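Bear in mind that the values here come from a model prediction, so they are computed numbers and not experimental data.
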Amino acid sequence: SKDMLHTSSGNQAVEWYPQHTVELAIALEAMFKISFPDYYKIYKKAFKAGQWIQADPGPWLGHAIVWKLQVLPHRDGLDAGPTAIFNFGWYEGGEAYFTDLKLKFKYGPGDVITFLSGDLYHGIGERKPLQGVDSYNITPGRIGNVFFSPAKSVEFLKGHKEGWFKSTMGGQLPTNL
């Protein structure tokens, strides 16, 4: 989001997150590669062209943190292909619902679901925060994480070489200097 880059501390946080979650990103990438091999090839190629944070191993172009919000049924119509979601926190409940399929899955802290979020209506059931505050003074609740790639970005990056986005500032600088 634009608001992350308004201050130097916001910019540092954008760099900090992938540096400190690289092992998690690699595990999610392995799940993606096995579950959706054809999409994986497309995503990885687009990611290599569009990568802008060096520590991020990809293959998703976008990451979002859903901080203690209720997620009602929706489709992510702007996303291309598979999305990975996982969460952590201290709460009860919070099952994952796929309403058009009439399915409900256990979705507790640490569980991962990879699915076509642009095609399937999905939401998270009500959850109840547990009592107390942790050692970092964080109040209980559910913190969701979403790894995704916007369809327009994947399409735009087709045909560009590895490192293109960073070396040209997303096409704003000439490529032949």
Minimal non-hydrogen separation, [X] against [Y], with atom names:
X    : Y   : result
F36  : P82 : CG-CG, 3.4 Å
H63  : Y17 : ND1-CE2, 3.9 Å
S149 : P59 : OG-O, 4.1 Å

Decide yes or no for [X] and [Y]: does some side-chain heavy atom of the first lie under 4.5 Å from some side-chain heavy atom of the second?
X    : Y    : value
L61  : V154 : yes
V146 : V66  : yes
L120 : D100 : yes
F115 : H122 : yes
W90  : P109 : no
Q131 : P140 : no
F47  : D56  : yes
K166 : Q54  : yes

Is the count of non-hydrogen atoms from other residues, nucleotides or ligands lying under 6.0 Å from L78 atom CG greater than 12? no
Can you sort out the partners of Y107 under side-chain hydrogen bond (donor to acceptor under 3.5 Å, both in side chains), two or more places apart, ordered by chain and number? none
Do [X] and [Y] land in one hydrophobic cluster if side-chain heavy atoms of ILVMFWY residues count as linked below 4.5 Å?
X    : Y    : value
I143 : L24  : yes
I34  : F147 : no
Y91  : I124 : no
Y97  : V71  : no
L28  : I65  : yes

Working to the nearest 0.5 angstrom, can you tell me the gap between [X] [atom1] and [Y] [atom2]?
X    : Y    : atom1 : atom2 : result
L173 : T168 : CG    : OG1   : 6.5 Å
E126 : Q70  : CD    : CD    : 5.5 Å
W52  : S167 : CH2   : OG    : 15.5 Å
E95  : K104 : CD    : NZ    : 5.0 Å

E155/K152 salt bridge by N-O under 4.0 Å criterion: no
Compute the centroid of each ring, for Y39 and then for F32, and state whether the two points are separated by less than 6.0 Å. no
What pairs with F156 under ring pair (Phe, Tyr, Trp, His ring centres under 6.0 Å), at least two apart in sequence or on another chain? H160, W164
Please answer whether the main-chain N or O of [Y] pairs with a side-chain N or O of [X] as donor and acceptor at a distance below 3.5 Å.
X    : Y    : answer
Q51  : I53  : yes
H74  : L72  : yes
D119 : L116 : no
N87  : G110 : no

Is it true that the NZ or CZ of R75 lies under 6.0 Å from the centre of Y121's six-membered ring and within 45 degrees of the ring axis? yes
Modelled atom types, side-chain donor and acceptor of T139 and K68, under 3.5 Å: yes
Decide yes or no on salt bridge (charged side-chain N to carboxylate O under 4.0 Å, His left out) for K45 and E162, but give the supporting numbers first. CA-CA 8 Å; K45 197 170 188 177; E162 184 172 339; over 6 Å; no
